[in-house]
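See structure below.
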There are 2 protein chains.
Amino acid sequence: MPVNYTPPDPASLLPVPGVALGITEANIRKPNRKDVLLIQLEAGSHVAGVFTQNRFCAAPVRVCREHLGKSSAMRAIVVNTGIANAGTGEQGLTAARQTCGHVAVALGCKPEDVLPFSTGVIMEHLPVDRLAAGVAAAATKLAPDNWFAAAEAIMTTDTVPKAVSKRIDIDGAPVTITGISKGAGMIQPNMATMLGFIATDALVGEDVLQHIAAYAADQSFNVITVDGDTSTNDSFVIAATNKAGNPPINGEGTAEFTKLRDAITEVAILLAQAIVRDGEGATKFMSITVEGGESREECVRVGKSIAHSPLVKTAFFASDPNLGRILAAIGNAGVEDLDTSRVKLWLGDILVSENGGRAASYTEAQGQAVMKQAEITVRVALERGREAATVWTCDFSYDYVKINADYRS
Amino acid sequence: MPVNYTPPDPASLLPVPGVALGITEANIRKPNRKDVLLIQLEAGSHVAGVFTQNRFCAAPVRVCREHLGKSSAMRAIVVNTGIANAGTGEQGLTAARQTCGHVAVALGCKPEDVLPFSTGVIMEHLPVDRLAAGVAAAATKLAPDNWFAAAEAIMTTDTVPKAVSKRIDIDGAPVTITGISKGAGMIQPNMATMLGFIATDALVGEDVLQHIAAYAADQSFNVITVDGDTSTNDSFVIAATNKAGNPPINGEGTAEFTKLRDAITEVAILLAQAIVRDGEGATKFMSITVEGGESREECVRVGKSIAHSPLVKTAFFASDPNLGRILAAIGNAGVEDLDTSRVKLWLGDILVSENGGRAASYTEAQGQAVMKQAEITVRVALERGREAATVWTCDFSYDYVKINADYRS
């Protein structure tokens, strides 16, 4: 059961003008589950995306990069679960291209107007024939109000669908933002098997949209981690249909730009946090804020060193305020000239460590009271600069091992 | 129970001329366990060491560095378990210095002739009075044949003591090498709570001994990982008593140098592997060899990326040949320009992946046969250079979580 996350009421997910979604059961790897999602974008839409940094990136990621390299104008997104089409060599690349071809036939567009996504088991081949049949079936079911079913269709080890909508007003024009995500393990998206899709009808330039995608990813999917494994398939894309009737957002300095960027980022953060809250075996949700760093990158590095430590994660699972493990993780973050005597550490609102040791005022009972909560804040002050960052993660439980020892069986 | 590791017969541990060991129960954190080890080195001995890179390094590590910075000539090593004296600020530093002072009184040497080591819980203060009483008691029990009890005295979550001896002949002079180690979790020694002590009676120059210590650490303790956490207290030291009567080894190009270096490295590798075999919750032992890299460092990085992946480690625990997880870990190693189409992967002798995908000849049954073994070899060919390295690790089981969720209680 996720930590403090309940799937949204399907009726709360707002259709995005210009976007229609079709879902089907295509028997990709297992029968009787929604495993193909087709998203149709009306003409005039464009897409910005960020993708995994894993060198063994999946075939669909390579095809996405190829297609977006030619043009950001896109007409469709196709997603299958069950098989990741990663570690599949040339055959996998062919399968991803064939998938785009089948979508192009079904929707009457060009194959390069299609972005393909896959998630699931690595090193198995896509059943392109079944996927083609799924695409054809999904194309007959396209509807604007299918977001909840879309979120269900992209689940793998996820226990709940993840989706959210937000509406903002830009200069009198209502702008809709709706997004879905999936992922529960192999999660340290640097740009995991993490997928995030957000659509908006905002009228926004393609360069600006790419800027917003990179910014939103850095503030959301790139600062979550379940197990520190960066997947071969991580992808986060934003599609803009440009139908909202707002004055076009073509530059980065305007109030309208900031409003759209922050709203999309807010949606991305909620989707990213939902992944951590539904992390494999998770019983706790931790927000780790690192402040006083010389750079945001340094703060993220310290935060992730804490978030990745199996010893820290098992201590959180056990509700054990084992502060030394957190200090050790800070010391392992590779900040060469860190002055540990200046580092301060809080658990919730409790100052637990300063001057290289335990804070004089700290009592174990205080630490335990914080650690027993399902939602825990860790704050670290490095006191060497003015930058800050927050990283989100979950604990490490028996169930993480169980899920990952059983996943393929 | 360790994977294929049985503690040595105490009688197989050879005394090292010039070295005497005393062990006692000092009630440092828990009663009724050996928790203080005192090693006396005769005059004329010197010591070389490598220490943790963790910025929150423990107080005793700082004191070791101070003392070795003045002179490599040493008369004693003192080790306590139970409390790591890390994250203890100035009070911890004072406690470590006081410990050396008590040893100096007991043995009639100077405090700076003493190297202190601690392992155990972080962020608790050393009970210096009990430790002082322990030192005094240990000093009355010094004997050359106490190596097995010494290995027992430095255990924390270890299930077995770890020790080995080797004797070589250098130009007609018999040279003895005996070492002990401890560690089971918080293990990714870059220079972990890993402690390794080796003594030899070889007559060897101090610069040469430091060179051998660094080389042996790189080939042993620095290429093992249990959980990827680098401890605050990792230390590996070699003491040479210079009593063997061999011709002095003062340069690095000679056959005698190579013989001594390789023998000490062999002892270090056995001690390091014993830590992995006794890793917390370990049911399997994996040797991961990466070859065809541009540098040894690159090969170690790829090996550790595989060895650190919780997904890979849980798959090994489950005996699941989930090859995609290994490929994903290779792709995450940060080798920017890695050509994944050239990478080859073997499980045992079975070629399982090439050309970016599954090897044509590979069958799941072959992979499963390898994965069911307790001792598994993974080989990766990067095909971009001539360097190679081997990393040793263990799997990730329910018991790892159990041990670390319970450790302090």
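Worth saying up front: this structure is predicted, and the values here are computed from it rather than measured. Naming: A, B, ... by sequence-line order, numbering from 1 per chain.
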Look at the rings of B/Y398 and A/Y398 and say which category their plane angle falls in: under 30° parallel, 30 to 60° tilted, over 60° perpendicular.
-> tilted

Enter the distance from [X]:[atom1] to [Y]:[atom2] here, rounded to the nearest 0.5 Å.
| X | Y | atom1 | atom2 | result |
| --- | --- | --- | --- | --- |
| B/I330 | A/R55 | CD1 | CZ | 13.0 Å |
| A/E124 | B/L323 | CD | CG | 10.0 Å |
| B/M123 | A/L345 | CE | CG | 7.0 Å |
| A/Q91 | B/N355 | CD | CG | 12.0 Å |

Chain A contact via [X] - side chain, backbone, both or neither, heavy atoms under 4.5 Å:
| X | value |
| --- | --- |
| B/T88 | backbone |
| B/S397 | backbone |
| B/D399 | neither |
| B/E354 | neither |
| B/V343 | side chain |

Atom CZ of A/R62 with >12 non-hydrogen neighbours under 6.0 angstrom = no

Identify which of A/G331, A/G357, A/A333, A/S341 forms the greatest number of heavy-atom pairs closer than 4.5 Å to chain B.
-> A/G331

When heavy-atom pairs shorter than 4.5 Å are enumerated against chain A, which of B/A59, B/S353, B/G356 gives the highest number?
-> B/G356

Shortest non-hydrogen contact from B/L327 toward A/F56 = O-CD1, 3.1 Å

